[in-house]
Amino acid sequence: MKLYNTMTRQKEEFVPIREGKAGIYVCGPTVYDLIHIGNARPMIVFDTLRCYLEYRGYEVNYVSNFTDVDDKIIKRANEEGVDASVISERYIAEARKDMHDMNVREATVHPKATEEIPDMIQMVQTLIDKGYAYEVNGTVYFRTRRFQDYGKLSHKNLDDLRSGNRELKVSGQEEKEDNLDFVLWKPKKEGEPFWESPWGEGRPGWHLECSCMSKKYIGDVIDIHAGGEDLIFPHHENEIAQSEAANGTEFARYWMHNAFLKIDNEKMSKSLGNFFTVREIGEKYPLQVIRFFMLSAHYRSPLNFSDDLVEAAKNGLERILTAVERAEEALKQAEDSQPDDGQIRKVDELVEKYEAAMDDDLNTADAIAVIFELVRLSNTTIGEHVSKSYCEKILDTLELLCGILGIETHREEALLDEEIERLIEERQQARKDKDFARADAIRNELQDKGIVLEDTREGVKWKKI
RNA sequence: GGCGCGAUGGCCAAGUGGUAAGGCAAAGGUCUGCAACACCUCUAUCGCCGGUUCAAAUCCGGCUCGUGCCUCCA
């Protein structure tokens, strides 16, 4: 399997540190509010990566944190007059719910920053002992220039950074040895949560969390480190500096970054008013549609989000789900005959094509195209006098290929209430009596309630939209 | 200013040297009481200019437009 590595800027064959195992760390959200649609992209993309690696036989240790101590959380807590942990706990629970609805599976571990403070203090101490960090008035800074490789991920050189920040320096803190130095530990301010440390009461810097949590739950060297492309600099660059300086070894073998999501072709921002939470979207569409939509483009391409595009994705997904239903219907009528070798082979070829797409840096757009090819194959070959084993093969394969992408192939089982049941029967009677006006009126009435009817040879089918 | 990315049919989107996957939408047709579903048919020479090559959407150079990051935003 080939993966694009941000570090080398090319696709590389994925070779795990330990055969058959993969340690993946994905930077998670800061929990100060409901997660937004932009947060959803890395969650969906890298969950899919995980599924595919597991399908390929890897035992995946998937770690994704919740940043639960941060300025924005504290601000929110002060506004509501509650403890910061009330805010973070609330939004961790909400994030988990949204993730569940998007079929994003639980990570192997979801560490929280506040539960890893001792390890962070330990790492800061190590960095001070090695000369990579220094303390001034209760703040500990990382001595950026001391780390030779700084800038290797984002391909920046320190002097460019420095000139670009000349203006900031005027208003900046003069206590730093160098303007590029970043905070590892900051002293508490009034009303902020804090922890005891050798440098006084305070809290950890943002970058430090991920370095510690990945070390603790995966190891000094991790196979794949992933996140949104905006994290490349400075977050991931700083993580590398901290971890490699402290551990004396390479931090991550492969760096994967997803591109941004735009809304109506503009950058998502609160000021533009085009800021959507996953929860809001979920009220308009099943979140599985959003997952399908996001995987319909390559993860390294910017993806535009708009109602029209989601609507199109929804219709495409419907086609897949309908095909599964048809195949299931066919299976009921199928015969115990020998399947056609040629047809079986075609299905196998599609699976190979799908794997080739996924092996090529997780090309989910191509993988979905293969699923549609399988849908067409199914719709055109499944019918009367088809063998049971062929039907099963089609169904198993559809389920498998969709499953890897986190797409559930069965519509949610919704029970019809008696009223609706009665209306459907009444319509059938009207049709028998050739009272089509009445029949159509009932169909429209049900449609207004979100129930779509389809008259098939096997009887009336319905689905919720 | 520094470091990147992108430009493919009405819309979305694959495709890194051999004459353009797939989806959505639209149109025509088969099926159907009608509709829906499904199936069939139909829609592109790949931003512009030049170069390399037997051959380029795919490689090189230039241009135009758009866009991301440059200290806490996924």
Side-chain angles (χ1 to χ4, degrees), chain A residues 6 9 11 26-30 35-43 45-46 67 70-72 144 151 154-157 159-166 168 172 179-183 205-207 226-235 237-238 257-262 265-270 292-293 296-298 300-304 306 308-320 322-323 325-326 353 357 360 363-373 375-376 378-380 382-383 431 434-437 439-440 443-444 447 452-457 460-463:
Chain A
T6 307
R9 290 182 174 171
K11 288 183 196 171
V26 181
C27 291
T30 301
I35 59 169
H36 55 73
I37 191 71
N39 290 311
R41 193 170 189 191
M43 290 174 176
V45 164
F46 298 118
T67 294
D70 167 271
D71 289 341
K72 287 195 288 276
T144 302
S154 51
H155 302 91
K156 293 179 188 303
N157 79 60
D159 297 320
D160 288 344
L161 287 172
R162 174 170 251 187
S163 62
N165 284 303
R166 197 169 292 145
L168 290 172
N179 195 45
L180 292 169
D181 295 350
F182 58 90
V183 175
W206 177 44
H207 312 299
E229 66 179 355
D230 58 322
L231 296 180
I232 295 172
F233 190 89
H235 186 54
E237 200 68 73
N238 290 355
H257 295 96
N258 63 277
F260 256 59
L261 190 79
K262 295 190 295 178
N265 270 317
E266 291 190 275
K267 184 174 174 171
M268 177 169 65
S269 75
K270 286 191 171 167
F292 182 75
F293 167 71
S296 68
H298 189 91
R300 281 190 289 112
S301 300
L303 179 60
N304 192 31
S306 73
D308 286 353
L309 296 173
V310 176
E311 198 63 40
K314 183 184 168 193
N315 291 340
L317 182 57
E318 277 297 317
R319 181 170 155 79
I320 296 172
T322 304
E325 282 176 355
R326 287 169 63 98
K353 200 170 166 187
D360 183 18
N363 192 335
T364 52
D366 252 356
I368 286 174
V370 174
I371 290 174
F372 279 113
E373 284 185 56
V375 163
R376 167 166 269 115
S378 173
N379 284 338
T380 49
I382 276 188
R431 290 181 70 209
K434 307 255 186 239
D435 181 1
F436 296 124
D440 290 349
R443 185 167 64 196
N444 290 337
Q447 180 143 21
V452 175
L453 298 185
E454 289 177 18
D455 301 322
T456 69
R457 280 200 200 104
V460 182
K461 290 205 298 188
W462 60 272
K463 65 183 177 188

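Please read all numbers here as calculations on a predicted model, not as lab measurements. All chains are named by letter (A, B, ...) in the order of the sequence lines, taking the proteins before the strands, and each is independently numbered beginning at 1.
Look at B:C69: its Watson-Crick or wobble partner, with both distances under 3.5 angstrom, is B:G2. The partner of B:A20 cannot be assigned: no Watson-Crick or G-U wobble pair with both contacts below 3.5 Å exists in any strand.
In this structure, A:Met43 reaches neither bases nor backbone, as no heavy-atom distance under 4.0 Å exists between it and the strands shown. Note on A:Arg431: a base of the nucleic acid sits closer than 4.0 angstrom, heavy atoms only. Base engagement by A:Ala369 is indicated by at least one non-hydrogen atom pair under 4.0 Å involving a base atom. Using a 4.0 Å heavy-atom distance criterion, A:Leu453 is classed as a base contact.
The phosphate of B:G22 (OP1 or OP2) has no side-chain N or O of A:Arg319 nearer than 4.0 angstrom. Between A:Asn315 and B:A25, a side-chain N or O to OP1/OP2 separation shorter than 4.0 Å is present. Residue A:Lys267 has a polar side-chain atom (N or O) positioned under 4.0 Å from OP1 or OP2 of B:C69.
In this pair, A:His235 and A:Trp206 present their aromatic rings parallel. The plane angle is below 30°, not in the 30 to 60° band.
A cation-pi arrangement is not found for A:Lys314 relative to A:Phe293, the charged atom failing to lie both closer than 6.0 Å to the ring centre and inside a 45° cone about the ring normal.
For the pair A:Lys262/A:Met268, no side-chain contact is recorded, criterion being any heavy-atom separation below 4.5 Å from C-beta on.
The base of B:C72 is not paired with the side chain of A:Asn238 by any donor and acceptor separated by under 3.5 Å.
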